[in-house]
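Working notes for the structure below.
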Amino acid sequence: MLKLDILVLPVHPDDAELGCAGTILKEIALGKKVGIVDLTRGELGTRGTAEIRDKEAADAAKILGLAVRDNLSIPDGFFENTKEYQLKVISAIRRFKPEIVITNAYYDRHPDHGRASQLVEDSAFLAGLRKVETSYNGEVQEAWRPNLVLHFIQDNYIKPDILIDVTDHWDKKVESIRAFGSQFFNPDWGDEPQTYISSPAFIEVIEARAREFGKSIGVKYAEGFTSKKILGVDNLFSLK
C-alpha cells in the first residue's frame with residue numbers, strides 16, 4: 001500500500017495544476033508524498049479528448065513529481081453527490097490514507113467544481129465510518145479519515161483561510177499547467193474552438209491572483225485555500 005501525506009481530489013484533469021500545483025511542488029520538495037486522483041476524465045471539454053487529457057495528466061504528473069496519479073472515471077458534467085460516487089471517493093481515500101485532502105472550490109464558474117467540492121468533503125467524513133464498506137482489488141478496506149480537507153480557490157474569488165508561499169515553485173507550476181496543451185493557450189493546437197481558458201489572458205489571470213495572494217503575506221506568489229474546519233498553529237511565530 002502506498003500511503004500519501006497529501007491526496008488531491010480534483011474533478012477535472014488540470015484543476016489541481018491550476019489550483020494547487022505550487023503547494024504540491026513545495027510539499028514534495030519538503031519530502032512529502034503527494035498524489036492526485038482526478039474524479040473525471042474531462043471528456044466534455046470543448047477542446048481535446050479524454051484520451052488526450054489522460055496523456056496530458058500523465059505528463060503533468062511527471063513534471064510535479066507525484067507519487068501516483070489515477071482517475072476515478074466518474075461521468076464529467078452529470079455526476080451528483082450520491083452514494084455511488086461517494087463510495088468511489090471513499091475507496092480512493094482509504095487506498096492512500098492521506099493526512100490531508102485537497103479538492104475543488106466551494107463554488108465556482110463551472111458547476112462541477114462546487115458539486116465535486118461537496119462530494120469530496122462528505123466522502124472524507126464517511127471514509128472514517130467503519131460500517132461504510134468498501135473494497136479495493138478484492139480486499140476489504142479499513143476506515144480512514146483525513147485530518148484536514150482544504151479547498152483551493154479557482155475562477156471565482158473566495159477569501160482564503162490560509163495562504164501558502166509558492167514563489168520558489170512558480171515556474172514549475174506554470175510548466176505543469178502548460179502540459180495540458182489541448183486546454184490552454186497553444187498557437188500550434190489545430191483549429192479547435194477557442195474557449196475562456198484557451199485565451200492567452202487566462203494564464204495571466206492565474207498569475208495575477210497568485211501575485212495578489214502573495215502581496216498579502218509579503219511574497220511574490222501564493223496559493224490560497226479555504227477550510228470548513230478551524231485551523232490552528234503550534235505557535236504565533238509560525239504565522240506571517
**Asked** Would Ser91 and Gln141 satisfy side chain to side chain donor-acceptor pair (under 3.5 Å), going step by step from the backbone distance to the final call?
**Response** CA-CA 7 Å; Ser91 181; Gln141 294 178 298; 3.0 Å; yes
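- Cluster annotation: Ile162 is connected to Val166 through the hydrophobic network of ILVMFWY side chains, with a link wherever side-chain heavy atoms come within less than 4.5 Å.
- Side-chain contact, Tyr106 with Gln118: no donor N or O sits under 3.5 Å from an acceptor N or O.
- Trp144 and Leu87 fall into different hydrophobic clusters, where Ile, Leu, Val, Met, Phe, Trp and Tyr side chains are chained together by heavy-atom contacts under 4.5 Å.
- Distance check, rounded to the nearest 0.5 Å: CG of Leu163 to CD1 of Ile217 gives 5.0 Å.
- In this structure a side-chain-to-backbone donor-acceptor pair under 3.5 Å is present from Gln154 to Ala105.
- Annotation: side chain of Phe225 is not in contact with side chain of Asp161 (no heavy-atom distance under 4.5 Å).
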Can you give the donor-acceptor pairs under 3.5 Å from side chains of residues 25-39 to other protein atoms, not counting sequence neighbours?
| residue | atom | partner | partner atom | Å |
| --- | --- | --- | --- | --- |
| Lys26 | NZ | Asp165 | O | 2.7 |
| Asp38 | OD1 | Arg69 | NH2 | 3.3 |
| Asp38 | OD2 | Arg69 | NE | 2.9 |
| Asp38 | OD2 | Arg69 | NH2 | 3.3 |

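- Val89 has its side chain within reach of Leu119: a pair of non-hydrogen atoms, C-beta onward, lies under 4.5 Å apart.
- There is no side-chain donor-acceptor pair under 3.5 Å between Glu139 and Ser135.
- Contact record, Arg115 with Gly77: NH2-O, 3.1 Å, taken as the closest heavy-atom pair.
- In this structure, Phe202 and Leu18 have side chains that are in contact, with non-hydrogen atoms separated by less than 4.5 Å.
- To the nearest 0.5 angstrom, Gln183 atom CD is 9.0 Å from Ile52 atom CD1.
- Within the 4.5 Å cutoff, side-chain heavy atoms of Cys20 are placed close to those of Phe152.
- Across every non-hydrogen atom of Leu7 and Ala92, the tightest pair is CD2-O, 4.0 Å.
- Tyr196 and Asp155 form a side-chain donor-acceptor contact under 3.5 Å, judged by distance and modelled atom types alone.
- Other residues sharing the hydrophobic cluster of Leu236, ordered by chain and number and joined by side-chain separations under 4.5 Å: Val233, Leu239.
- When all heavy atoms are compared, the tightest approach of Asp15 to Pro10 is CB-CB, 3.7 Å.
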Do any side-chain atoms of residues 54-65 form donor-acceptor pairs under 3.5 angstrom with protein atoms, and if so which ones, sequence neighbours left out?
| residue | atom | partner | partner atom | Å |
| --- | --- | --- | --- | --- |
| Asp54 | OD1 | Arg41 | NE | 3.3 |
| Asp54 | OD2 | Arg41 | NE | 3.2 |
| Asp54 | OD2 | Arg41 | NH2 | 2.5 |
| Lys55 | NZ | Asp59 | OD2 | 3.0 |
| Glu56 | OE1 | Ser182 | OG | 2.9 |
| Glu56 | OE2 | Gly181 | N | 3.2 |
| Glu56 | OE2 | Ser182 | N | 2.8 |
| Glu56 | OE2 | Ser182 | OG | 3.0 |

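- If you take CD1 on Ile24 and NE2 on His169, they are separated by 12.0 Å, rounding to the nearest 0.5 Å.
- Counting heavy atoms from C-beta outward, Ile93 and Pro98 have side chains that approach closer than 4.5 Å.
- A donor-acceptor pair is defined here as one N or O able to donate and one able to accept, closer than 3.5 Å; no such pair exists between the side chain of Asp14 and the backbone of Glu17.
- Between atom OG1 of residue Thr23 and atom CD1 of residue Ile6 there is a gap of 8.0 Å, rounded to the nearest 0.5 Å.
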Check the pair Arg47, Ser198 against side chain to side chain contact (heavy atoms under 4.5 Å, CB included), reporting the backbone distance first and the verdict last. CA-CA 9 Å; Arg47 293 160 60 91; Ser198 70; 3.8 Å; yes
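- Taking the side chain to side chain contact (heavy atoms under 4.5 Å, CB included) definition, one finds that Leu129 meets it with Phe125, Leu126, Val132, Arg145, sequence neighbours left out.
- Note that CZ of Phe79 and OH of Tyr85 are 9.5 Å apart. Values are rounded to the nearest 0.5 Å.
- Linking ILVMFWY side-chain heavy atoms closer than 4.5 Å, directly or via other members, places Phe213 and Val219 in a single hydrophobic cluster.
- Taking the six-membered ring where tryptophan is involved, the planes of Phe184 and Phe180 are perpendicular, since the angle between them exceeds 60° and thus also 30°.
- The closest side-chain heavy-atom distance from Tyr221 to Glu207 is below 4.5 Å.
- No single ILVMFWY cluster, assembled from side-chain heavy atoms under 4.5 Å apart, contains both Leu148 and Ile153.
- Residue Ile102 is not grouped with residue Leu9 when hydrophobic side chains (ILVMFWY) are merged at heavy-atom distances under 4.5 angstrom, including chains of intermediate members.
- Counting only residues at least two apart or on different chains, the salt bridge (Lys or Arg N to Asp or Glu O under 4.0 Å) pairs with a member in residues 212-230 are Lys173-Glu223, Arg209-Glu212.
- In this structure, Arg53 and Glu43 have side chains that are not in contact, with every pair of non-hydrogen atoms separated by 4.5 Å or more.
- Under the 4.5 Å side-chain criterion, counting only non-hydrogen atoms from C-beta, Glu192 is not in contact with Thr46.
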Taking it one step at a time, do Glu175 and Lys172 satisfy salt bridge (charged side-chain N to carboxylate O under 4.0 Å, His left out)?
CA-CA 5 Å; Glu175 184 182 349; Lys172 187 71 76 172; 3.7 Å; yes
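- Sorted by first and then second residue, the salt bridge (Lys or Arg N to Asp or Glu O under 4.0 Å) pairs involving residues 78-103 (not counting sequence neighbours) are Lys3-Glu99, Asp70-Arg95.
- Note that the CD1 atom of Ile100 and the CG atom of Asn147 stand 8.0 Å from one another [nearest 0.5 Å].
- A donor-acceptor pair is defined here as one N or O able to donate and one able to accept, closer than 3.5 Å; such a pair exists between the side chain of Thr40 and the backbone of Val11.
- Within 6.0 Å of atom CG in Asp234, 12 or fewer heavy atoms from other residues, nucleotides or ligands are found, so the atom counts as exposed in its surroundings.
- Under 3.5 Å, the side chains of Ser117 and His151 contain a donor-acceptor pair of N or O atoms.
- Nearest heavy-atom pair, Asn71 versus Pro13, reported as atom, atom and distance to 0.1 Å: ND2-CG, 4.3 Å.
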